[in-house]
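Take a look at the structure set out below.
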Amino acid sequence: MASLIIIIKKATFLNTLLFATLLCVANSTSSVDQVTALLKWKSSLHTQNNTILLPSWTDQTTIPACNWYGISCNPEGTVSRLNLSSSGLNGTLEHFSFSLFPNLTHLELSLNYFFGIIPSEIGRLSKLVYLDFSSNQFSGIIPPEIGGLRNLATLHLFDNQYINGSIPEAICQMRSLSGLALYNNTISGSIPTCLGQLSKLTYIHLNINNISGSIPNEMGNLSDLEELHMNSNYLSGSIPTTLVNLKKLTVLILYENHLNGSIPREIGKLSSLQWVELEMNNLSGPIPKSLGELKSLYLLRLYSNKLSGPIPQELGNLISLSNLQLGDNQLNGSIPSSFGNLQSLEKLSLSDNKFSGPIPQEIEKLNLVLIEMTNNSFSGSVPDKICNGGKLEMLLVGDNNLTGRIPKSLYNCSSLRRLRFDGNQITGDLSESFGVYPHLNYINLNDNKFHGEVSNNWSKCRNLTTMQMGGNRISGNIPPSFGNSPQLELLNLSSNELVGEIPEEFGRISGLVSLYLSNNQLSGVVPMNLGLLDELSYLDLSMNKFNGSIPSSLWNCSKLFHLNLSSNKLTHEIPLQIGRLFHLSDLDLSHNSLTGEIPSSLSSLISLEMLNLSHNQLSGYIPKSMGSMNALSSIDLSYNRLEGPIPVSKGFTNASLVGNKGLCGNANGLQRCESETQTPNRNQKFAVFISVSLLGALLFGGLLGIFIFYRRKSVTSMDEEDKHREDFFSISSFDGRETYHHIVKATEDFNGAYCIGKGGFGSVYKAKMASGETFAVKRLHSSSEMVNRDDFLNEIRALTRIRHRNIVKLHGYCSHAQNSLLVYEYLEGGSLAESLNNNEVAQAFDWNKRVNVIKGVAHALSYMHHDCSPPIVHRDISSKNILLDAECEACVSDFGTSKILNPESSNWSNLAGTYGYLAPELGCSMKVTEKCDVYSFGVLALEVIKGEHPGNIIDVLSSPSMEKMELKDLLDHRLVVPSPEMKKIITSILVIAIRCVNSNPEIRPTMYDVSQKIACFISDM
């Protein structure tokens, strides 16, 4: 019996031992499979920052993989947690074997560069508790299979921007879910009502998507919810009153939607609320008094709605409130005196409402940082001790009915950054009311009743960029000390009582963009030093007593778009150099004593919309070339001494031309020009010659016959030239005929010695004109123009209107019997190709300059694709067509082959472009889109970084062997190794470039996205 028991015990022991052995073998097999699967997945990935890819993940490591980076195992030795967040990984989940990781509870891949879809196989991770794929580039829909993860407590898919589709109903099966974050994607559809069944949810982040529909009443069932973020969507309907059940809610953010109706008064029962943002909706009705019960409320933003009625006194009970913004509504009444209780309040914004009454004195008790009350009807004076707290940074009370003087506490309020008192009736001596403010960058005192002189203290405000004091009673001279404020961008002293001259020191205000000095009593000459203001765009010196001539130096202010010198005592002629102001939109020189003729160079101002030269002493003919100024819509040349025919254009048809002595043409109030004033025809000339010949001696008969023969030949030649006149003058920002002859002369009839480049559509010549200007002239081959000439001319018209710092200016097009020319701005830096191909130049072409070139080209293409109407595609982006200026700034050139895209057409076209930069789809479909330029940009970016055309590397970048490539393989070895910061930027640009050269145009980003990301990379440096 005992022996039997021993035998049974031995058998039991053997069975147990056998079971344990089998279990160990099973676990070992599972571990081996997991190691194999992880290594397979690793082989499909690569890094973004040139680091070694997961160095601890090697097949030499002892199985299981529990000691690998980012991996944790359970007691049985199988993987339970995988955390590779912030590892710089790039790749997909396509090769990840989800089924081999049944015990995985945490999967964290956030802050990487993963792309592609989220595979449906993720539903096999039945034990998953935490899933975080945020801040990647995943695309496609949220797989319904994710609803099978019944144990999942946290789901983070935010900040991918490519995940789309609607929220799957299957998520409602995840009864353990406590955290849901899907924001910053492109999710659409409505919010599933079944989300209200996920009773364990503590936060929901669905903001920055395309979600529409109403907020389900069922959301009120989420009794554990603490944060609800659904801003920046398309939600409509009213805010559900059922939200009153969310007793634990601390954050309610619903701004930037289409919500309507009133704010539920039940919201006052959510005693835990700390943060409420309902701004930028269509909410109406009064502000509920019940909001005053939210004693924990820290921030309340209700601006940009349609709220009406007064502010409830009860808001004065919000003792924790730091930020209150109620602007841009229809609120009325006065500010409650109870606001004096808001001791924690730092920011108060009430602008753009219908408030009235005084600003309560109780506001002096508060340590406010921002006070914004513009555009209301507040009356009385501003409380005197408004800056006693010493924290006030912004005081904005413009456009009210305020009276009195500037508060005394502001004199020493050194914290001030922004100050607005404009549009009131405030009085006081300007020189005694303000001190020195080290942080002030903006002040607006326009349209008040200030008197006194401008103090030198303003030049001591070293951060002041905008200073507006127009429409007051300020007297005295303009202080020369303004010359010590190079940071000043806008200065407005108009409509005052200033006297004296403009100080010469104004030439030192190098950052000045806008200068308003109109309607004063300033005298003397306009200073030549104003021509030193390179950034000047707006200059108004009208209604003063300036004399002398218009300084020719003003034409150096090439960014001017508004110039008003009217109602002065200016004399002499209008300078010829006016034609250099290519960006000028408004020009007013009226009510002066200007003499001479209107310069023909005025026709170069193709952006000019308003021209007023009235009430001067101008004489002679109006230049015929002004008829090509298509943008000109308002013309006033009245009360001068002009004569002859007016230019033929729509603008001159409606022009004001009265008070001249001999104008004629097709315009209101003018007689039509008589035929006698036209050039005599050939028959008339012949008759004159015959009459003269009869009076001459017979001896000269033979000579007269020879003269008539050559004269008739000359007239025939003139007729032929007139035949081409329409083409010749069709599109240009200059006097076409005159410029054409100057170009022919400057290039010695297009001598090869002046040729600086050749292409498939023509040769480029450097033409240095007698005026000192230099043009790059593309002489087109006879076969280069489009078959449809009207389309071609329309295209050129659109291109001449382009204004961008990274696009070479196209001045115009000249067509002649012998030549067709495109006239471009000349850039002395040559082409990008030349800089890269010259070893000496390339070594000086450092990483900073190269990154800036890539950024410039991206900005230019983004402008063409997204800011032009219709959008323009270049079709021939290559290093030969990128030119560099003296500062190595990139400018896209050669629009001769570009094509304007009509969004409603398929845009089939002839294949054009440079081999090696053409998008692969053009080889078969010939369909031109913006994505063709994106591909060419990608090639160009790779070329700039590598220093040569990438060639076959492009194919490698899209193949599995890409993982073997390192950053050093893509860098120009003629340059020093980039710094860590620069290496990070270059790596980021390479990632974008690789996406741009994807063979599938749908996957390529837009140039807008490319431009924004590159700018972001550089700004973070």
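Numbering starts at 1 and runs along the sequence shown.
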task = Give the minimum heavy-atom separation between Gln468 and Thr466, together with the two atoms involved.
result = CG-CG2, 4.0 Å
Trace of the side-chain contact (heavy atoms from CB on, under 4.5 Å) decision for Lys408 with Ile386 = CA-CA 9 Å; Lys408 294 180 180 178; Ile386 200 163; over 6 Å; no
inquiry  = Given 3.5 Å as the limit, does a donor-acceptor pair link the side chain of Asn233 with the main chain of Asn209, or not?
reply    = yes
ask   = So, does Asn564 use its side chain to make a donor-acceptor pair with the main chain of Tyr516 at under 3.5 Å?
value = no
query = Which heavy atom in Met219 sits nearest to a heavy atom in Ile204, and how many Å separate them?
reply = CE-CD1, 3.7 Å
request  = Kindly indicate whether the side chain of Phe421, heavy atoms from C-beta on, has any atom under 4.5 Å from the side chain of Leu395.
outcome  = yes
request  = Kindly give the heavy-atom pair with the smallest separation between Leu488 and Met467, and that separation in Å.
outcome  = CD1-CB, 4.3 Å
query = What distance do Asp636 atom CG and Leu611 atom CG have between them, rounded to the nearest 0.5 Å?
reply = 8.5 Å
task = For the residue pair Tyr255 and Asn231, confirm or rule out a side-chain donor-acceptor distance under 3.5 Å.
result = yes
inquiry  = Ignoring hydrogens and geometry beyond distance, is a side-chain donor-acceptor pair present between Ser481 and Asn456 at under 3.5 Å?
reply    = yes
Gap separating the CD1 atom of Ile359 from the CD atom of Gln361, nearest 0.5 angstrom = 9.5 Å
ask   = In Å, rounded to the nearest 0.5 Å, how long is the span from OG of Ser322 to CD of Glu346?
value = 4.0 Å
Close aromatic pair by centroid cut-off 6.0 Å: Trp458 and Phe434 = yes
query = Would you say the side chain of Leu560 lies within less than 4.5 Å of the side chain of Leu536, judging by non-hydrogen atoms?
reply = yes
message = With rounding to the nearest 0.5 angstrom, report the OG to CG distance, Ser518 to Asp588.
response = 11.0 Å
ask   = Any side-chain heavy atom of Ile474 sitting closer than 4.5 Å to one from Leu498?
value = yes
inquiry  = Under a plain distance cut-off of 3.5 Å, with no hydrogens placed, do Gln313 and Ser338 share a side-chain donor-acceptor pair?
reply    = yes
query = So Val251 and Gln274, side-chain contact (heavy atoms from CB on, under 4.5 Å) or not? Walk me through it.
reply = CA-CA 6 Å; Val251 176; Gln274 300 174 12; 5.8 Å; no
key: Evaluation steps, side chain to side chain donor-acceptor pair (under 3.5 Å), between Asn529 and Arg508   = CA-CA 8 Å; Asn529 279 4; Arg508 302 207 305 263; over 6 Å; no
query = According to the interplanar angle, ranging from 0 to 90°, do the rings of Phe355 and Phe378 count as parallel (below 30°), tilted (30 to 60°) or perpendicular (above 60°)?
reply = parallel
ask   = Does the distance from a Lys or Arg side-chain N to an Asp or Glu carboxylate O, for Arg405 and Asp384, drop under 4.0 Å?
value = no
message = Closer than 3.5 angstrom, by distance alone: can the side chain of Asn400 be matched with the main-chain N or O of Gly423 as a donor-acceptor pair?
response = no
Pairs of donor and acceptor atoms involving the side chains of residues 283-301, under 3.5 Å and at least two apart or interchain, shall be tabulated with distances.
from   : atom 1 : to     : atom 2 : distance (Å)
Ser290 : OG     : Arg265 : O      : 2.6
Arg301 : NH1    : Glu277 : OE1    : 3.2

message = Do the side chains of Glu497 and Arg473 get close enough for a salt bridge, i.e. N-O under 4.0 angstrom?
response = no
key: Whether Asn496 side chain and Asn472 backbone form a donor-acceptor pair below 3.5 Å   = yes
Exam field: side chain Asn353 to backbone Asn329, donor-acceptor pair closer than 3.5 Å = yes
task = For the residue pair Gln330 and Ser308, confirm or rule out a side-chain donor-acceptor distance under 3.5 Å.
result = no
ask   = So, Asn444 versus Arg418: side-chain donor-acceptor pair below 3.5 Å or not?
value = no
query = Is it true that the side chains of Tyr538 and His562 contain a donor and an acceptor less than 3.5 Å apart?
reply = yes
message = If we ignore hydrogens and angles and just use 3.5 Å, is the side chain of Asn544 paired with the main-chain N or O of Leu517 as donor and acceptor?
response = yes
task = Could you tell me the separation between the CE atom of Met469 and the OG atom of Ser495, rounded to the nearest 0.5 Å?
result = 15.0 Å
request  = Check whether any side-chain heavy atom of Ile215 lies under 4.5 Å from a side-chain heavy atom of Met230, and answer yes or no.
outcome  = yes
task = Grab the two heavy atoms, one from Cys387 and one from Ser415, that are nearest each other, plus how far apart they are.
result = SG-OG, 4.4 Å
ask   = Below 6.0 angstrom between ring centroids: does that apply to Tyr203 and His205?
value = yes
key: Pair Gln325, Asn323: side-chain N/O donor-acceptor within cut-off below 3.5 Å   = yes
Intermediate values then yes/no, side-chain contact (heavy atoms from CB on, under 4.5 Å), Glu266 and Leu243 = CA-CA 8 Å; Glu266 291 83 359; Leu243 295 186; over 6 Å; no
key: Side-chain (Ser431) to main-chain (Gly452) donor-acceptor, under 3.5 angstrom   = no
inquiry  = Pair Asp352, Asn375 - check side chain to side chain donor-acceptor pair (under 3.5 Å), show working.
reply    = CA-CA 5 Å; Asp352 298 294; Asn375 199 19; 2.7 Å; yes
request  = Test Ser232 against Glu256 for side chain to side chain donor-acceptor pair (under 3.5 Å), laying out the working first.
outcome  = CA-CA 5 Å; Ser232 304; Glu256 199 176 3; 2.9 Å; yes
query = Backbone N or O of Ser409 within a donor-acceptor pair of the Asn412 side chain at under 3.5 Å?
reply = no
inquiry  = Within this structure, what is the CG-NE2 distance for the pair Leu570 and His591, rounded to the nearest 0.5 Å?
reply    = 13.0 Å
ask   = Do you see a donor-acceptor pair shorter than 3.5 Å between the side chains of Ser377 and Ser356?
value = no
task = Please assess Thr427 against Phe450 for the test side-chain contact (heavy atoms from CB on, under 4.5 Å), listing each intermediate value before the final yes or no.
result = CA-CA 5 Å; Thr427 61; Phe450 290 107; over 6 Å; no
query = Can you tell me if Asn592 uses its side chain to pair, donor with acceptor, with the backbone of Asn568 under 3.5 Å?
reply = yes
